[in-house]
Each structure stands twice: as structure tokens, then as C-alpha cells.
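For reference, the structure discussed in these notes is given below.
To find a chain, count down the sequence lines: A is the first, B the second, and so on, and within it residues start at 1. The shown structure was predicted, so the numbers you read here are calculated from the model rather than taken from an experiment.
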Amino acid sequence: MPAAETIQQNDPSFPDIWEEITWRELVHVSTNADELKTLLAGPPITYYCGFDPTAPSLHLGNLVQLLLLRRLQLAGHKPLGLVGGSTGLIGDPRPTAERTLNDEATVTEWVGYLQGQVSKFLSFEGDNAARLVNNLDWTAPLSAIDFLRDVGRYFRVGTMLKKDAVSARLNSDAGISYTEFSYQILQGMDFLELYRSYDCVLQTGGSDQWGNLTSGTDLIHKAEGVSVHAIGTPLITNSDGTKFGKSEGNAVWLDPAMTSPYAFYQFWLNTDDSDVVRRLKIFTFLARDQIAALETAVAEAPFRREAQKVLAFDVTTLVHGRDATEAAIAASAALFGQGEFGSLDEATLAAALRELAHVDATADTTIVQLLVDTALVSSSSEARRAIAQGGVYLNNIAVADDQAVVGGGVLQGNVAVLRRGKKTLAGIFIVG
RNA sequence: GGCAUGUUACCCAAGUGGCCAAAGGGAUCUGACUGUAAAUCAGACUGCUUCGCAUUCGGGGGUUCGAAUCCCUCACAUGCCA
């Protein structure tokens, strides 16, 4: 375990930031690479990335963008963090189906949450201080007529139809609404507005947003006669083909109330050997030689999982802070340690359990009920099924009977550890 | 606006009057093996007061002893025509 969190800095062994972000595999597509390299090596530029409030929190996919913003800021450039108050009301077209529109009050509330999260990853001090912007500020006052005359005229429908996001939907039987079809115009407008107000010349985003990114560069080219840039980051994938950023089928959120720091730490700790080096490059500020050393460690002693430990420590610390990470590690050590729970002291055990999903219960509560209460399973049918399959443990002892109650299975301090499968745990505090 | 076709569980997708809680694949979960990996193998995967019962196949209504399957209607989608 590292003694201290990695300092946020770019690796000085790279000649310039472009070389570094390329090495970190952060660039999947971009506008002219040579020009971008030169631009980023030169005097500070203003750049931006947008986050749409389609949920109350950002998730791991957004973290890639946040870290790219931060790396560019560390290279001296000036970030704009855009939270899409207006684009969030529309929603970008997903490949499969139309989105459900969220109401304005909800979106407004989420805008606030996301702004808070974005702020944590950027510096708001110094010559290249970050700024937060909200596209509702310039789209809300716009009338439909102004929109069509001033902005719409620059957009060719043929071009819009060719965007992957749109054509995928047109070719599916879901079709696409005019609302979502218009999304690319809104995002293009954002870039133009930021170019005019802040001299913003670069937009970053996921490669799945490439059509929307170029929508902006094209618009600026037409409206202002200027060439600006875009960088599309790769879609992060797991080598086994499953989706990155899902734990137990749920998204991993940055909000500790939605994904606990313990669960967050565990998510990273469980990274596959074959993915861990790529994760280190993208999600940590470790230097090239440090990552190379960890790569060797994975190859020579994979069972030690050194790289995973460093990755989990660094990313959890980055997102949740040092204290939360220490607590998550302590809980992990207690719960996954060699010894029996009975050998742990009361305070350590209780603290560990509080890192997990935990509930209060009486001694005569059934295990089935507790599995449901702790959200280890989603229904009592599933709880019985899990018990029947031998996948439920109380204090590391398999539960065989689906009528069983917590009863005597109580540890020091009147607590019990409920486990489903190998590593999904919950704490039970016996009261009354 | 007209004609045609389609809408099945998390996703894809069979099923076209009873043998359908509904094939198959993916995802997911559990077990074995392990390093709290991966791969592989096995099992599970609507809910419940679980050897039984209840509710599901876009919404509503109808025919029938009986419907995911037939009819009507509404909504949505796709294609062609206007």
C-alpha cells in the first residue's frame, strides 16, 4: 500500500502533454493531431468538456473526462467545466431507445450536484483557474425563431443524419424524435458560445460523442471561419468484453451516498490483471516508470495484486479523500483478513461494518429478511434461492435453512456479518 | 391521411389457441477451481405465505372452458403510398 496519495502532476519525462495523453491512451479520435500537439505545447488555451445532468451524480465514465480536464489544466491550460442545464433537458440520443425526459426541477437539482462534483477535480486558483458554465444561460433566452435563423441555418440535415448516433437510431426500429435529433445542434451551439465568450478552442468528450464534438467544430468553422479542435477519449472496455464501470450490474457513482467509498475501493481492487495497467494510465497520476514497475509486478507475482492495490488506493483517494480510503482499506482488511471475525476487537469490527450496507435488527429477524433489508438481494424469493444455492453466509458460516434467524449468530458488540457470494457483505447490528 | 408490418422478461430473440412463467443467446448472480483474478465447468435468473398460488408477453376491451397466440380499439415505431 502506498504511503501517501500520488501528487497530481503530469509526468515530466514526456516532452509535452500531447505525448502523455496519447501514451495514456486517452485519445481515440481527434481533429488534426499535429496541430493539436503544437497547440497544447504552446501558450495556455481555453478548453471545455460538458457533463449532462441525466442522473444525480457523475459516474466512472465521467471520471475519465474529469481526469483529462485536470491533466490539461496541469499542463497550464484553462478548463471550462460545463454542466448542461439545457442539454440535460433534452438528452443525447442513445443507440437503443428514446430517453425519458426529466422535469426541469429535477434537472436543476442535478445540475447543482454535478457542478459540485466537477469542481472537486479542478483548481480554481491561479492564472489558469477553472470556471464553471451552464449552457442554460445562453439557450434559455433564445427564441425558437432566433434559434432557427441564427443557428439552424448552419446545419445541413444530410450531415446531421449521417452522425452515427442518429443513423443508428434511424436504422433501428426505435426511430428518433425531433427532440433528440436536435441535440447535436445544442451541443454545437455550446462550443460556439464558449469560443465567442472565452476563446475556447478545444472540446473533449467520449468518442461516442464524436458527432456532437464535430458538430461544434463545424459550426465554428462556418460561423466564424476558424478551425478549433476536439479530442474523443476511448470507450473504456474490460478485456473480457463486459461493460466497464458496473459493479453487481449497477453503475459505480462518484457520489459516496450512491456508491460507498468501500464499494468504490472494492470495485477497483477487483480489476482484472489484464486491465489494470490500462486503468493505471487513465485513472491515476502515476508516472510512466511507476506504472512500468507495477506492470512487472503483475507479470511476476499476480497473486499479490500490487497494481490493483495501488490503483484502488489512488483512485479512491482522488475521489473520496484520504480518510475515506483509509476506512475502506481497514474495513477490507478486517472483513477479508485471515482471522475469524471473533478475533477482531469490537471497535474495529463495528467500524468495518459501518462501511458496508448495514441495518439494525432483532435477534429473531430471519436471514431472508436481512438479505432483503441490506439489499444483498432484491426480493425474498431471491434470498431463498441464494440460500438454497449455498451462497449465503452468516459470520462466514454457510446458512443452510431459509427459516433461520440471526439468533445466536452474534459476534462481540452484538453485530453479525452477512455475506452473499464471495465478496458481497453487509453488517447487522442487533438491537433490543 | 392511407396501406402494410411490428411492439415478448435487463438486452437480443423464439413462440402464432391448451404440453407457456414462456425456447435460445448475451448480461447478471451462485457453486467448484483460485489471488476478494481471468478462463473453464455446473446451477440459477417474475413475485409470494414456494412441493402450491398469484401476476406477466405495448395499453384497454372482447371471443373462448381456455389467449403471448384470434377479434376490436388506442398508443408508439418502421416501410411504402399520398
| query | Rounding to a whole Å, what distance do you find between A:Ile387:CD1 and B:rA44:P? | reply | 18 Å
| said: Would you measure the distance from the P atom in B:rG47 across to the matching atom in B:rU36 and give it in whole Å? | reply: 31 Å
| Cation-aromatic face contact A:Arg288/A:Phe14, 6.0 Å, 45 degrees | yes
| message | If you only use heavy atoms from C-beta on, which nucleotide in B:rG35, B:rU36, B:rU30 is closest to the side chain of A:Thr424? | response | B:rU30
| request: Considering only atom C1', compute the distance from B:rG15 to B:rC20 and round it to an integer number of Å. | output: 9 Å
| request: Figure out the CZ/P separation between A:Arg384 and B:rU30, and round it to whole Å. | output: 19 Å
| request: Rounded to whole angstrom, note down the P distance from B:rA67 over to B:rG61. | output: 14 Å
| query | So what does A:Tyr393 hit on the nucleic acid, given a heavy-atom distance under 4.0 Å: a base, only sugar-phosphate, or nothing? | reply | sugar-phosphate
| note | Separation of B:rG35 atom P from A:Arg305 atom CZ, nearest Å, is 10 Å
| request: Pick the C1' atom in B:rG25 and in B:rC72, then give their distance to the nearest Å. | output: 36 Å
| Could A:Arg419 and A:Tyr393 be counted as a cation-pi pair, given that NZ or CZ must be under 6.0 Å from the ring centre and within 45° of the axis? | yes
| Counter-base of B:rG58, judged by Watson-Crick or G-U geometry with both distances under 3.5 Å | B:rC74
| What distance do A:Ile291 atom CD1 and A:Arg24 atom CZ have between them, rounded to the nearest 0.5 Å? | 5.0 Å
| field | Cation-aromatic face contact A:Arg322/A:Phe313, 6.0 Å, 45 degrees | value | no
| query | Roughly, in whole Å, what's the span from CG in A:Leu371 to P in B:rA44? | reply | 20 Å
| said: Can you measure A:Lys423 atom NZ to B:rU28 atom C1' for me and round it to whole angstrom units? | reply: 13 Å
| Which nucleotide sits closest to the side chain of A:Ser380: B:rC48, B:rA37, B:rU30? | B:rC48
| note | Result for side-chain contact (heavy atoms from CB on, under 4.5 Å) between A:Leu418 and one of A:Val392, A:Thr424, A:Val359 points to A:Val392
| request: To the nearest Å, give me how far apart CZ (A:Arg385) and P (B:rG31) are. | output: 15 Å
| Salt-bridged, A:Arg305 to A:Asp273, with N to O below 4.0 Å? | no
| message | Tell me which nucleotide, if any, is Watson-Crick or G-U wobble paired with B:rU50 when both distances must be under 3.5 Å. | response | none
| field | Heavy-atom donor-acceptor pair, A:Ser381 side-chain to B:rU46 base, under 3.5 Å | value | no
| request: Tell me what A:Asp240 touches on the nucleic acid: a base, only sugar-phosphate, or nothing, going by heavy atoms under 4.0 Å. | output: sugar-phosphate
| field | Pairwise C1' distance, B:rU73 and B:rA22 [rounded to whole Å] | value | 26 Å
| request: Find out whether A:Leu63 and A:Leu60 are in side-chain contact, i.e. whether some heavy atom of one side chain is under 4.5 Å from a heavy atom of the other. | output: yes
| remark: pair_partner(B:rG17), Watson-Crick or wobble, both distances < 3.5 Å, evaluates to none
If you look only at distance, which donor and acceptor atoms sit under 3.5 Å apart when one is on a side chain in residues 145-161 of chain A and the other is two or more places apart or in another chain?
| residue | atom | partner | partner atom | Å |
| --- | --- | --- | --- | --- |
| A:Asp146 | OD2 | A:Ser143 | OG | 3.3 |
| A:Arg153 | NE | A:Arg149 | O | 3.0 |

| Looking across every strand, which nucleic acid part, if any, lies under 4.0 Å from A:Ser332 by heavy atom: base, sugar-phosphate, or nothing? | base
| On RNA chain B, nearest-nucleotide positions of A:Ser247 versus A:Ala333: which is more 5'? | A:Ser247
| query | On RNA chain B, nearest-nucleotide positions of A:Thr271 versus A:Ile176: which is more 5'? | reply | A:Thr271
| request: Find the distance A:Arg419:CZ to B:rU36:P and express it as a whole number of Å. | output: 12 Å
| Is A:Asn270 touching bases, backbone alone, or none of the nucleic acid, heavy atoms closer than 4.0 Å? | base
Distances under 3.5 Å between protein N/O atoms and the N/O atoms of nucleotides 51-56 of chain B, please, pair by pair.
none

| request: Compare the minimum distances between each of B:rG47, B:rA32, B:rG35 and the side chain of A:Ser379, then state the nucleotide with the smallest one. | output: B:rG47
| said: Please give the distance between the C1' atoms of B:rA68 and B:rU56 as a whole number of Å. | reply: 10 Å
| query | What integer distance in Å separates A:Asn238:CG from B:rA39:C1'? | reply | 15 Å
| query | What is the pairing partner of B:rU28, taking Watson-Crick or G-U wobble pairs with both distances under 3.5 Å in any strand? | reply | B:rA44
| Ignoring hydrogens and angles, are the base of B:rG31 and the side chain of A:Gln389 linked by a donor-acceptor pair under 3.5 Å? | no
| task | Pick the P atom in B:rG58 and in B:rA9, then give their distance to the nearest Å. | result | 8 Å
| task | Using distance alone, with no hydrogens and no angle criterion, decide if A:Thr237 and A:Lys243 have a side-chain donor and acceptor under 3.5 Å apart. | result | no
| field | Same-atom distance (C1') from B:rA13 to B:rG17, integer angstrom | value | 22 Å
| request: Using a strict 4.0 Å threshold on nitrogen-to-oxygen distance, state whether A:Glu180 and A:Arg94 make a salt bridge. | output: no
| remark: Under a 3.5 Å limit on both distances, the Watson-Crick or wobble mate of B:rG1 is B:rC81
